[in-house]
Protein chains: 2
Amino acid sequence: MSTPTPPRGRATMKDVAALAGAGVKTVSRVINNEPNVTPAMAKRVWDAVRELDYQVDLQAGSLRRADGRTRTLGLLVGSVDNPFAGVIHRTVEDAAAEKGVAVFAASMDDDARRESDAVRTLLQRRVDGLILTTAVRRPEYLGTIRDRGVPVVYVDREPEGADLDTVASSNRAGAEAGTAHLIAHGHRRIALLADRLDLITAHQRHSGYLDALAAAGIPVSEEIIITELTDAEAGAKALSSLLALDDPPTAVFSAQNLITIGALHALRDAQLSHSVALVGFDDLPLADLVEPGVTVIAQDPQRIGVLAAERIFARLEGDHSAPVRMHVPTTLIPRGTGEIAPRRVSGGIR
Amino acid sequence: MSTPTPPRGRATMKDVAALAGAGVKTVSRVINNEPNVTPAMAKRVWDAVRELDYQVDLQAGSLRRADGRTRTLGLLVGSVDNPFAGVIHRTVEDAAAEKGVAVFAASMDDDARRESDAVRTLLQRRVDGLILTTAVRRPEYLGTIRDRGVPVVYVDREPEGADLDTVASSNRAGAEAGTAHLIAHGHRRIALLADRLDLITAHQRHSGYLDALAAAGIPVSEEIIITELTDAEAGAKALSSLLALDDPPTAVFSAQNLITIGALHALRDAQLSHSVALVGFDDLPLADLVEPGVTVIAQDPQRIGVLAAERIFARLEGDHSAPVRMHVPTTLIPRGTGEIAPRRVSGGIR
DNA sequence: CTGAAAGCGCTAACAC
DNA sequence: GTGTTAGCGCTTTCAG
């Protein structure tokens with residue numbers, strides 16, 4: 001008979017209106033900070049809101065709202081537990097939260113099927129915009145997205161053909177710089193370890209590697225180019241087999257972070273950490289604490305996220321200019337492994 | 001006159017019904033795989049769906065649906081770019097996707113204000129359930145959540161007092177094991193580096209450290225216990241100052257991953273990586289490649305995620321049993337730093 | 001087996 | 001300033 005019974009269940013705007021002695025539209029005005037409400041009325045409404053612990057139903061609102069916006073963004077990445085994707089996610093989340101927009105994040109594991117399923121789901125949830133990473137060169141769902149009028153920005157990987165906003169690292173230039181760095185340190189027999197070449201990033205990094213060799217007049221040795229490596233273990237195995245060749249590479253360019261980790265393990269196991277040079281694409285946590293430090297081509301996922309968020313919000317605010325393809329520069333961070341001079345490793349003759 | 005004009009804009013169920021010559025409810029039945037539709041009718045509907053490239057509006061559906069479910073989950077973590085959170089996120093996402101549920105992820109940076117803001121937003125979006133990490137001992141929004149009848153599971157950190165489902169690491173036992181490991185290797189002067197003690201995890205790990213000292217009859221030396229460390233740099237600075245003491249610690253227990261990274265830097269800079277022992281709470285990528293390898297108390301974020309998802313879905317499916325507090329065991333992984341014997345480091349007298 | 005009508009909680013449009 | 005009415009796209013209810 002003293003403590004007022006705490007409100008139970010969810011109150012609706014109608015309940016608030018009733019308690020405040022106002023019409024629902026007035027409550028709506030107050031909740032959404034629309035003009036034309038007297039301070040006195042506003043206070044009565046807010047009191048009722050507090051009393052009932054009322055919270056708007058954003059879903060219901062967007063159903064009727066003129067612009068049809070759900071204040072929701074869809075983000076698709078390889079996996080949300082990948083550090084690179086994590087940084088992009090965080091950056092996008094921050095930009096979105098500032099505008100009262102929430103983010104649905106989904107992982108697709110570089111699988112085309114999971115990718116289109118995820119996009120379909122996101123569309124069914126009526127996200128206002130999409131920030132996507134793709135596993136394929138030409139996503140087949142692009143027509144659907146376009147028909148729905150949902151803006152889309154691709155991050156990390158740029159689809160071919162379609163005219164779309166994209167934000168990605170300078171993969172080719174970065175890989176060329178990394179390979180050139182090894183060449184500058186005297187290497188001519190440089191292995192390449194790369195991911196599935198059907199992924200545009202792997203393809204571009206492969207091209208960059210070839211560019212550097214060509215620029216230096218070094219012929220390509222197919223036997224020390226290993227691709228289709230999808231995890232650290234595969235990377236380790238691949239490098240181990242290369243090191244066992246009669247004429248093993250004196251340096252390695254690893255085109256992806258997991259592969260770099262595998263390569264580091266292989267070198268350590270072969271006790272060649274100080275003899276065979278290594279440059280990896282994408283930075284690694286603790287890369288500076290390993291002995292010798294790991295030389296990498298660092299990407300800038302934060303900048304990628306910031307630019308992608310900017311782009312999608314610009315589109316949402318009506319920017320109809322031509323799509324832009326943005327390339328975020330990479331940075332070579334010399335820490336040790338990339339500066340090892342060539343050394344004959346095993347008993348190659350000659 | 002040949003290529004049928006591609007469908008423009010979003011079609012509604014009404015459009016599909018019209019094209020298929022059916023009622024909307026019939027279309028709804030087909031879309032949702034409800035019984036009582038003849039195959040012939042179903043085919044006509046699916047044809048129309050394909051023709052119009054129709055996709056249901058899940059938001060609109062949940063507005064009217066009896067159970068009111070949005071098939072949406074809210075996940076709150078310290079930061080989505082934290083690897084520990086990333087794994088939990090991924091695990092939850094997988095479990096949710098299997099049930100057609102999407103996940104809103106949000107970061108709160110161990111800030112109470114951001115935390116309650118995020119929870120409010122999630123509630124406004126009518127998530128069916130919440131998986132939360134909290135920065136405070138007693139979240140003030142719990143009443144609201146309870147009133148709304150939204151199930152909640154806490155992960156990583158367990159709030160005090162309230163009777164809630166929680167899934168967290170065995171922080172206290174893990175920290176005790178880590179400290180005991182150092183004691184077993186002969187150390188008696190063991191520093192503790194920890195995060196803000198108002199975070200329940202830091203508090204529990206601090207307790208575990210004290211437990212181990214007490215069990216070994218080692219008196220507590222307040223001057224080598226440093227807390228309120230919030231990033232790697234702070235951890236590095238703290239350890240550097242300890243190493244400069246007249247009577248520096250011979251071993252360090254670091255209660256958090258970022259702090260461990262800072263500690264590794266401090267040891268390396270002081271050239272004491274091989275002289276001062278270190279055990280860190282939470283595993284680190286590349287911890288096995290550093291020289292010496294970093295001994296850690298590894299957590300199992302995947303298991304935490306799996307259990308949390310199981311719990312929330314059980315609640316959603318009507319499990320009304322008493323709340324459970326689950327503790328996921330930690331694992332000590334000896335790699336080198338934790339097995340260094342005590343050594344007088346600088347010129348302490350005596 | 002099918003479909004017409006009502007209504008979910010909100011905002012738009014338009015009265016007062 | 002304020003309230004009433006309609007209706008967003010769907011699912012429920014219930015009558016055929």
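The chains referred to below are lettered A, B, ... by the order of the sequence lines, with proteins before strands, and numbering in each begins at 1. Keep in mind that the numbers below use all heavy atoms, side chains included, and drop hydrogens, waters and symmetry copies.
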Taking any heavy-atom pair under 4.0 Å as a contact, classify A17(A): base, sugar-phosphate, or nothing.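 The answer is nothing, as A17(A) stays clear of every strand by at least 4.0 Å.
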side-chain contact (heavy atoms from CB on, under 4.5 Å), paired with I312(B), selected from L307(B), L73(B), L75(B):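 Only one of L307(B), L73(B), L75(B) forms a side-chain contact (heavy atoms from CB on, under 4.5 Å) with I312(B), namely L73(B).
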Between P on dA12(C) and CG on D67(A), what's the gap in Å once rounded to a whole number?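 So the two atoms are 8 Å apart, to the nearest Å.
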Could you label the plane-to-plane angle of the Y141(A) and Y154(A) rings as parallel, tilted or perpendicular, counting under 30° as parallel and over 60° as perpendicular?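 The arrangement is parallel - the two ring planes meet at less than 30°.
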For a quick check under 3.5 Å, do R157(A) and T134(A) share a side-chain donor-acceptor pair by atom type?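 No, because no side-chain N or O of R157(A) sits under 3.5 Å from a partner of the opposite role on T134(A).
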Once you apply a heavy-atom cut-off of 4.0 Å, does V24(B) come out as touching a base, just sugar-phosphate, or nothing?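 It contacts nothing in the nucleic acid.
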Atom CZ of R71(A) and atom P of dC10(C): how far apart are they, to the nearest Å?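 Nearest whole value for this atom pair: 14 Å.
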Is the shortest side-chain N to carboxylate O distance from R90(A) to D109(B) below 4.0 Å?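 Salt bridge: yes.
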Name every residue in residues 59-66 of chain A that has at least one heavy atom under 4.0 Å from any atom of DNA chain D, in order of residue number, or write none if there are no such residues.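 Hits under 4.0 Å, by residue number: L63(A), R64(A).
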From CD of Q124(B) over to P of dG9(C), roughly how many Å is that when rounded to an integer?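 The answer, rounded to whole Å, is 16 Å.
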Hey, is the side chain of Y54(A) poking within less than 4.0 Å of OP1 or OP2 on dC10(C), counting only N and O atoms?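 Checking Y54(A) against dC10(C): at least one side-chain N or O falls below 4.0 Å of OP1 or OP2.
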For DNA chain D, which residues of residues 28-46 of chain B approach it to below 4.0 angstrom with any heavy atom?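 When residues 28-46 of chain B is checked for heavy atoms under 4.0 Å from DNA chain D, the hits, listed by number, are S28(B), N32(B).
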Using the closest heavy atom to pick a nucleotide of DNA chain C for each, name whichever of G23(B) or R126(B) lands nearer the 5' end.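 The answer here is G23(B).
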Quick test of your reading of the model: are D117(B) and R114(B) salt-bridged, counting only N-O distances below 4.0 Å?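 Salt bridge: no.
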D128(A) versus T70(A), side-chain donor and acceptor atoms under 3.5 Å: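 Distance-only check passes for T70(A) and D128(A).
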Spacing between K14(A) atom NZ and dC10(C) atom C1', to the nearest angstrom: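 After rounding, the reported distance stands at 12 Å.
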Using modelled atom types and a 3.5 Å cut-off, is there a donor and acceptor pairing between side-chain atoms of R311(A) and backbone atoms of T166(A)?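 No.
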Donor-acceptor pair, D15(A) side chain versus T12(A) backbone, under 3.5 Å?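 Yes, D15(A) side chain to T12(A) backbone: donor-acceptor pair under 3.5 Å.
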Rounded to the Å, how far apart are K25(B) NZ and dG9(D) C1'?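 That distance rounds to 13 Å.
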Will you find, in the side chains of D53(B) and T144(A), an N or O donor that is under 3.5 Å from an N or O acceptor?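 The answer is yes; a qualifying pair exists.
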Between atom CE in M13(A) and atom P in dG7(D), what is the gap in whole Å?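 Whole-Å distance recorded here is 20 Å.
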